[in-house]
Amino acid sequence: MYSIRIYILFQWFGIVQFRKDINGLRAVAVIAVVVFHFYASALPGGFAGVDVFFVISGFLMTGIIFKGIEQDKFSLARFYIARANRIIPALALLCLVLLVLGWFYLIPIDYEALGKHVGASLTFISNITYWQEAGYFDAASHEKWLLHTWSLSVEWQFYIAYPLILVTMRKFMPLGTMKKLVLVGSLLGFIFSIVVTYKWPNAAYYLLPARAWEMMMGGVAYLFPLKFEDNRKRVVEWFGMALIIVSYIFISKDNLWPGYLASIPVLGTFLIIQAQRDNSVLTGNIVFQTLGKWSYSIYLWHWPLVVIMHYFSLNKSFVFFGITLSIILGYISYSRIERIKFRSDFSGISSYLNVKPVYFALFSGVIGFYVFISKGVNYNERLDVYSDKVGFPNLCHVNKSNLSRSTKYINCKVGDSSKKPIALIWGDSFAAALDPFVGSLLDKSSAISRTTSYCVPSLNLNNMLGENPEYCSKIRQLNIEDVTNRRYKAVFLAGRWDYMYEKYGMDSIDSLFDTVDFVSENSEVVYLFEQPIYYKENVSKHFLKKKIINGLGRELLRDDLKAKLTNEIVKNKFLHKHYKNVYFVSRDVIYGSEVHHDYNEEHLPYTYDKGHLSIVGSLTAAKNFKKSEIYKPLYEAIN
C-alpha cells in the first residue's frame, strides 16, 4: 500500500528533496489505521488512512515517472526493481514469521488459509483473494493474518499499469496533453468509483479500478502544483488536515466506501501536499517525522497483532500493549530490513537474476504454497482426530462449491446404502447436519438426503430457493413426487428457521407448515426439528484452539436470541395444528436435557461452525433422541 520511504527513490532518481510534510502525512495515516484496527470506537473512520496513503503514493510515483520521461531516462525495469527493493523484504519477513508461528499455534484450517494468503500477498493479488472471500469489515476478517496486504496489492497493480500507460502515451502525445489526461482520468475515476461503490461495494473496496483515482489525484497534485502566499499556506494545510480528521471521526464502517465520501480524506491530503509546509508543527514535529519513517513497517506488523488479540480472545487491556508493540516491531523492521540498500541498477538481462528481494519472496512463497497444498498440516497434526469429529457432516449436501456433484447426490443415501430408502431428509444445510443423526437411527435401512444451502422445505414459495435455485427447485419437485407416492415411512424436516423468518416473514412459516401438512398425510411419521443453538463464533475452531492454547479459557459466546424467538413461533404453530403423527424435536431432545450444553459428555462440541450440528453433535443428538419418548413412533415405523 505504501509509498513509504519513497523519498529515497526520489533521491536515487535525482528528482526532489525529501519532504517533511509528506513524511508527516504518513504518520497521520498510519496512526489512524492502527487505532481503528485496535480500537475502532476511538476512531471509527480510521480506515480512511489507507486513502491518505494512496494519494501520497500517487504523488510520488507520478513525480518519478514524469521526471524520468521529461529527461528521457525513465526505465521501467529500474522503476519496478526499486519498488520491489522497498516493499518485498519486510513483507516477505513478516510472511515467514507468521508461517513459523502458525506451525505451532494455528489449527490446520487456519494454517492452510495463512499459506494461501501468503502466496496471494507476495504475488500482490491479495486484494482479489479477499474480495472473493469476505468483506473487509466482516467478523471473519479478524482471522486473516494478512488482510491488510490488500492495499499493497492495489498499489503494486497501480505501479505496474500506471507507468506502462504513461510511457505508451508519451509515444503519441506531448507532455502537456498527458498531464491533462491524468486530471481527466482522476475525475472520471472518481465518478466510476461512486457508481461501483453503490452497485458492488465489496468489489469497490478491494479492487484497483475503484481506487485508482485516489492515486491519480496524488498525480494531479504533482502535475498541477498550486502556488500560495506564505500566509495562506497555513490556512490551506490546516483546512486539509481538518478534512482528514473529519473523515476519521465522522465516517464509519457503516458508510459505503470508498464512494463519494472518500473525496474528503483525498482532498485533505491533496491540499496538505499543495501547501508544501515543511516547517509545519502539524506534520513536521519530531513524533510524526519518526512515525512517518517507520510507518510502512508499523503498518505491516500491527494487523497480525490485532488478529492475535481476536484469535486468542485477549481482553481489551492488550490494546495499548498491541499498539506499543506495533511501533517497536515497526522500528526494528525499518532499521534492520527497510534500510538495507539493495542494488537497483543492472546492465544486462542475466544480471536481473541478482534482484535479491525476489528470492526473499520465493522463499516465503514456496513455504506458503506447501502449507496450502498440504491442507495446513503442521505441528498440530494431533488435532486431526478431533477434526474428524467436530467437522461438518458433509455426506450428501450440495452447495455452491460442490454444485457439480448435484446430479450424483440427488439420490444420496445415509444409513445402509445397500438397502431401499424408507426415510427422507428435507431442508437446507441445517437438515444436512442431520445425515449422521438419521444414518445412525437407520443402521439396517437407509434414507434419502436431499439438501442444499438456504433451500428450506417449502412446497410453493419460489422466492425461497436458496443460493442454488435450480437444484433447490429440482429436489423440491422430487421430494413432492416421492412423498405423494408414499415412498417414505419417515420424513425429517429441518432448517435455519430464524434466517427463513427474517428474510421471508410469516409467509415462510405458513409455507413450512404447508409442507408439514403434506408430508404428514403421506407418511407414517414426521419429525420437525427445532433450530439448534446459534453462536457468535465458530465453535469447532474455538474448541480446537483451546486444545493448542491452554490459556484460552473463555467460554463460547452465544448469539441465540433470534433463533429462540423463531423456534417459539414454529413451536406454537406446531402445537396449534394438533398433529397425530408429527413430532417436534426440541432442543431438550437434541441436547439431552433441559440444560442445553455446548459440549457433550465427551466434552466435544455439539456445533460445527456457528449453528450447524457437528458430526459428533449429530450423533450425540441421535443417542439422546433414542432415550426420548418421540423415538418410539420411528422405531415402530421402520421395524
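All residue numbers refer to positions in the sequence shown, counting from 1.
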Between Glu338 and Ser297, is a side chain to side chain donor-acceptor pair (under 3.5 Å) present by the stated rule, with each step listed? CA-CA 8 Å; Glu338 279 193 73; Ser297 286; 2.7 Å; yes

For residues [X] and [Y], is any side-chain donor paired with an opposing acceptor at under 3.5 Å?
X      : Y      : value
Thr283 : Asn285 : no
Thr197 : Tyr260 : no
Thr607 : Ser614 : no

Could you walk me through whether Thr62 and Leu166 satisfy the side chain to side chain contact (heavy atoms under 4.5 Å, CB included) test, starting with their C-alpha distance in whole Å, then the side-chain angles of each, then the deciding distance to 0.1 Å, before giving a yes or no? CA-CA 10 Å; Thr62 301; Leu166 293 178; 5.6 Å; no

Gap separating the [atom1] atom of [X] from the [atom2] atom of [Y], nearest 0.5 angstrom:
X      : Y      : atom1 : atom2 : result
Leu99  : Ser364 : CG    : OG    : 6.5 Å
Leu362 : Ile367 : CG    : CD1   : 11.0 Å
Thr290 : Ile327 : OG1   : CD1   : 10.5 Å
His302 : Ile31  : NE2   : CD1   : 12.5 Å
Leu329 : Trp294 : CG    : CH2   : 11.5 Å
Thr269 : Asp21  : OG1   : CG    : 11.5 Å

Between Tyr299 and Ser326, does a side chain to side chain donor-acceptor pair (under 3.5 Å) hold up when you go through it step by step? CA-CA 8 Å; Tyr299 181 82; Ser326 299; over 6 Å; no

Report the relative orientation of the aromatic rings in [X] and [Y]; use parallel for angles under 30°, tilted for 30 to 60°, perpendicular for over 60°.
X      : Y      : value
Phe360 : Phe342 : perpendicular
Phe38  : Phe318 : tilted
Tyr599 : Phe543 : tilted
Phe47  : Trp257 : perpendicular

Could you check whether any side-chain N or O of Ser295 sits under 3.5 Å from a backbone N or O of Gly292, counting only pairs where one atom can act as donor and the other as acceptor?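 Confirmed, Ser295 side chain pairs with Gly292 backbone.
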
Does the Ser335 side chain pair with the main chain of Ile332, one donor and one acceptor, at a distance under 3.5 Å?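 Flag set: sc Ser335 to bb Ile332 pair under 3.5 Å.
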
To check you understand the geometry: which heavy-atom pair defines the closest contact between [X] and [Y], and what is its length?
X      : Y      : value
Phe158 : Met216 : CE1-CG, 4.1 Å
Phe270 : Leu226 : CE2-CD1, 4.5 Å
Asp278 : Phe18  : OD2-O, 3.9 Å
Pro304 : Leu94  : CG-CD1, 3.9 Å
Thr123 : Ala120 : OG1-O, 3.3 Å
Leu261 : Leu256 : CD1-O, 4.3 Å

After noting the C-alpha distance and the side-chain angles of Leu146 and Cys95, does the key distance pass the side chain to side chain contact (heavy atoms under 4.5 Å, CB included) rule? CA-CA 8 Å; Leu146 292 165; Cys95 291; 4.0 Å; yes

With a 6.0 Å cut-off on ring centres, are Phe79 and Phe74 close enough?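 Ring-ring flag for Phe79/Phe74: true, centres closer than 6.0 Å.
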
Show the numbers, then the answer: is there a side chain to side chain donor-acceptor pair (under 3.5 Å) between Tyr608 and Asn538? CA-CA 7 Å; Tyr608 159 62; Asn538 187 300; 5.3 Å; no

One pair to check against ring-ring contact (aromatic ring centres under 6.0 Å, His included): Trp156 and Phe124. What are the steps and the verdict? CA-CA 7 Å; Trp156 190 263; Phe124 299 102; 4.7 Å; yes

Worked verdict on Asp598 versus Arg558 for side chain to side chain contact (heavy atoms under 4.5 Å, CB included): CA-CA 10 Å; Asp598 301 323; Arg558 295 186 180 185; 2.8 Å; yes

Applying salt bridge (Lys or Arg N to Asp or Glu O under 4.0 Å), name anything that partners Asp560, two or more places apart in sequence or on another chain.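 Here the qualifying residues are Arg587.
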
Please list, chain by chain and in numerical order, all residues satisfying salt bridge (Lys or Arg N to Asp or Glu O under 4.0 Å) with Lys20, sequence neighbours excluded.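 In terms of salt bridge (Lys or Arg N to Asp or Glu O under 4.0 Å), with neighbours along the sequence ignored, Lys20 is linked to no residue.
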
So do [Y] and [X] actually touch side chain to side chain, heavy atoms under 4.5 Å?
X      : Y      : answer
Phe320 : Leu325 : no
Val28  : Phe288 : yes
Asp609 : Val539 : no
Arg277 : Arg234 : yes
Gln276 : Glu237 : no
Trp301 : Val97  : yes
Pro44  : Lys253 : no
Leu208 : Met215 : yes

Under 6.0 Å from the [atom1] atom of [X], do we count more than 12 heavy atoms belonging to anything else shown?
X      : atom1 : value
Leu96  : CG    : yes
Tyr80  : OH    : yes
Phe392 : CZ    : yes
Phe228 : CZ    : yes
Phe224 : CZ    : yes

Lys NZ or Arg CZ of Arg211 over Tyr205 ring: under 6.0 Å, within 45°: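 The answer is yes; both the distance and angle limits are met.
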
Is the positively charged end of Lys545 above the ring of Tyr311, judged by distance under 6.0 angstrom from the centroid and angle within 45° of the axis?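 Yes, Lys545 lies over the aromatic ring of Tyr311.
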
Ser126/Tyr206 under side chain to side chain contact (heavy atoms under 4.5 Å, CB included): CA gap, chis, key distance, verdict: CA-CA 9 Å; Ser126 61; Tyr206 279 115; over 6 Å; no

Test side chain to side chain donor-acceptor pair (under 3.5 Å) on His310 and Glu537 and set out the steps. CA-CA 11 Å; His310 288 269; Glu537 58 191 315; over 6 Å; no

Please step through ring-ring contact (aromatic ring centres under 6.0 Å, His included) for the pair His142 and Trp303, ending with a clear verdict. CA-CA 9 Å; His142 282 102; Trp303 178 254; 5.5 Å; yes

Check this for me: does any side-chain nitrogen of one of Lys610 and Asp559 sit under 4.0 Å from a carboxylate oxygen of the other?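 Asp559 and Lys610: not salt-bridged.
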
Let me know which of Trp145, Tyr130, Trp150, Phe369 forms a ring-ring contact (aromatic ring centres under 6.0 Å, His included) with His117.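 The option that passes is Tyr130.
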
